[in-house]
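Structure first, then comments.
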Amino acid sequence: MTFIALILLLSGSTQAQTLTSLKPNQIQPLIQAQDGTITLVNIWASWCEPCKEEFPDMLRLFDNYREEGVRLVLISTDFERFKPDAVAFLKSQNVVFETYIKVGSDAGFIEAFGADWSGALPATFIYNADGELRHHWIGKANYELFEQKTLSVLRAADQIQETK
Amino acid sequence: MKLFTTGMILSLILLLIGVGNALALELGEKPPLADVKMKNVDGKMLSIADVKGEHGTLVIFSCNHCPWVVAWEERIASIGNAYQQKGFGVIVINSNDPQPYPSDEFEPMVKRAKKLGFEFPYVVDVTSDHARAFSAERTPEIYLFDKEDKLVYHGAIDDNAEHADQVKVQYLKDALDALAAGKIVSVSETKALGCGIKFRPESD
C-alpha cells in the first residue's frame with residue numbers, strides 16, 4: 001500500500017490508477033455486479049503490443065456507448081514488477097475509472113470467464129445485462145468489431161424488451 | 001414445416017460446433033505437418049519427424065520477446081536439454097510474423113538460442129502453418145507426444161510463470177517422467193497466459 005501511495009504522490013495526479021487486485025474467485029461476482037446493459041471485459045498487459053494497439057478503439061467505443069449502458073472492465077495480467085508500466089500506460093490512455101490487475105494462478109484466472117479460452121492475450125469477453133457470456137475472442141480488435149458485437153448484444157436486449 | 005426448419009438449423013449449428021472442436025489438436029492425435037522442414041538457428045532444415053525421440057517428442061511454440069516466454073525460458077532450456085539427453089526429441093518453433101514485430105526475426109532467435117544454451121533446435125515456421133495446424137494460440141505452448149507420436153500433454157510448463165521458486169506442480173516434467181517410465185500422464189491438459197501468436201497472413 002505504501003508503494004502505491006508513493007506512486008500516487010510521485011505521479012502528482014490524484015487520478016492515477018492503482019489497479020485493484022482481482023483474484024479468480026472475484027471475477028464472476030464482479031461481472032455479475034455490473035449494472036449496465038452490456039459488460040465488455042478486456043484482458044491486457046503493458047508489454048502486449050496488440051493489447052495496447054486496440055486500446056484507443058476500445059475506449060472510443062466505451063465513450064460512444066456509455067449512455068447505452070456499456071460497462072468496461074479492464075484487467076491487466078502484468079507481473080508484479082511490471083505494475084508501474086501498467087499504471088503508466090493507463091495514464092497515457094486517460095483511463096481514470098477503476099481497473100484491475102490479476103493476482104493468483106493463471107489456471108484459475110483463465111477458467112473464470114466462462115469461455116473456452118486458451119489464455120492468449122489480448123482477450124475480450126462480452127456479457128449481457130444478465131451476466132451471460134455472449135461473445136469472446138482473442139487477438140487485436142478494431143472499432144468496427146467492438147461496435148458490431150456491442151450492437152448485437154444491445155439489439156438482443158431490445159428484442160427481449162419488446163416482447164415483454 | 002417450421003419445426004423441421006428449426007431442427008435443420010439446429011443440426012447445422014451442432015455440426016459446425018463439432019467441426020470447430022475437431023480442429024483443435026486433441027489428445028491421442030499425431031503432430032500435424034510433421035514432415036515439413038523448418039530452418040533452425042544453425043541454418044539446417046529440420047522437421048518434427050526428424051527430431052522424434054525414442055521416448056517421445058516435445059514441441060514448444062515460442063518466440064523471442066513475450067514476457068511469459070522470458071519468464072519460463074531458463075526452464076525451457078534446462079528441461080529441453082536434460083530430456084533430450086534422456087531420449088526425447090525436442091523442437092522449439094517460432095511461428096510469429098516478424099514483419100510487425102522485428103524482435104521475432106531470425107537473428108534475434110540465433111542470439112537467444114545461444115544465450116540460453118539451447119542444445120535443441122529453435123526453428124522458424126515461415127508460414128505460421130504449424131501453429132495453425134496445431135491450433136496453437138499463445139507462446140509458450142507445449143505439445144508432448146509419446147513414442148507412438150500420440151499427444152499426451154498439452155498446455156503449460158508448470159503452474160507459475162512469474163516465480164520459478166514458487167512452482168507447486170511441474171506439469172511438463174511430470175509428463176516427461178511418466179513417459180520415460182512407461183507410465184500414464186496424469187495431468188494431460190493445462191492452461192496458462194501467454195502472448196497471442198502473431199500469425200502471418202494465410203497463403204493461398
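Proximity to chain B at a heavy-atom threshold of 4.5 Å picks out Thr77(A) from residues 55-78 of chain A, in numerical order. Interface with chain A: from residues 140-166 of chain B, residues Ala161(B), Glu162(B) qualify, criterion being any non-hydrogen pair under 4.5 Å. Residues from residues 96-108 of chain B that place a non-hydrogen atom less than 4.5 Å from a non-hydrogen atom of chain A comprise Tyr101(B), given in numerical order.
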Please tabulate, one pair per line, all N/O donor-acceptor pairs under 3.5 Å involving side-chain atoms of residues 169-187 of chain B, not counting sequence neighbours.
{"unit_1": "Asp177(B)", "atom_1": "OD1", "unit_2": "Tyr83(B)", "atom_2": "OH", "d": "2.6"}
{"unit_1": "Asp177(B)", "atom_1": "OD2", "unit_2": "Tyr83(B)", "atom_2": "OH", "d": "3.4"}

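Heavy-atom pairs under 4.5 Å with chain A peak, among Cys66(B), Pro67(B), Ala71(B), Gly196(B), at Pro67(B). When the candidates Cys51(A), Pro50(A), Cys48(A), Ser105(A) are compared by the number of heavy-atom contacts under 4.5 Å with chain B, Pro50(A) comes out ahead.
Atom NZ of Lys114(B) sits in a sparse spot, with 12 or fewer heavy atoms from other residues, nucleotides or ligands closer than 6.0 Å. More than 12 heavy atoms of other residues, nucleotides or ligands sit less than 6.0 Å from atom CD of Gln32(A).
A pairwise comparison of heavy atoms in Ile110(A) and Ala192(B) identifies CD1-C, 3.3 Å as the closest pair.
Contact annotation for Lys198(B): only side-chain heavy atoms (C-beta onward) come within less than 4.5 Å of a heavy atom of chain A.
With values rounded to the nearest 0.5 angstrom, Arg138(B) atom CZ is found 10.5 Å from Leu121(A) atom CG.
Looking at heavy atoms from C-beta onward, Leu193(B) lies in side-chain contact with Lys102(A) at the 4.5 angstrom threshold.
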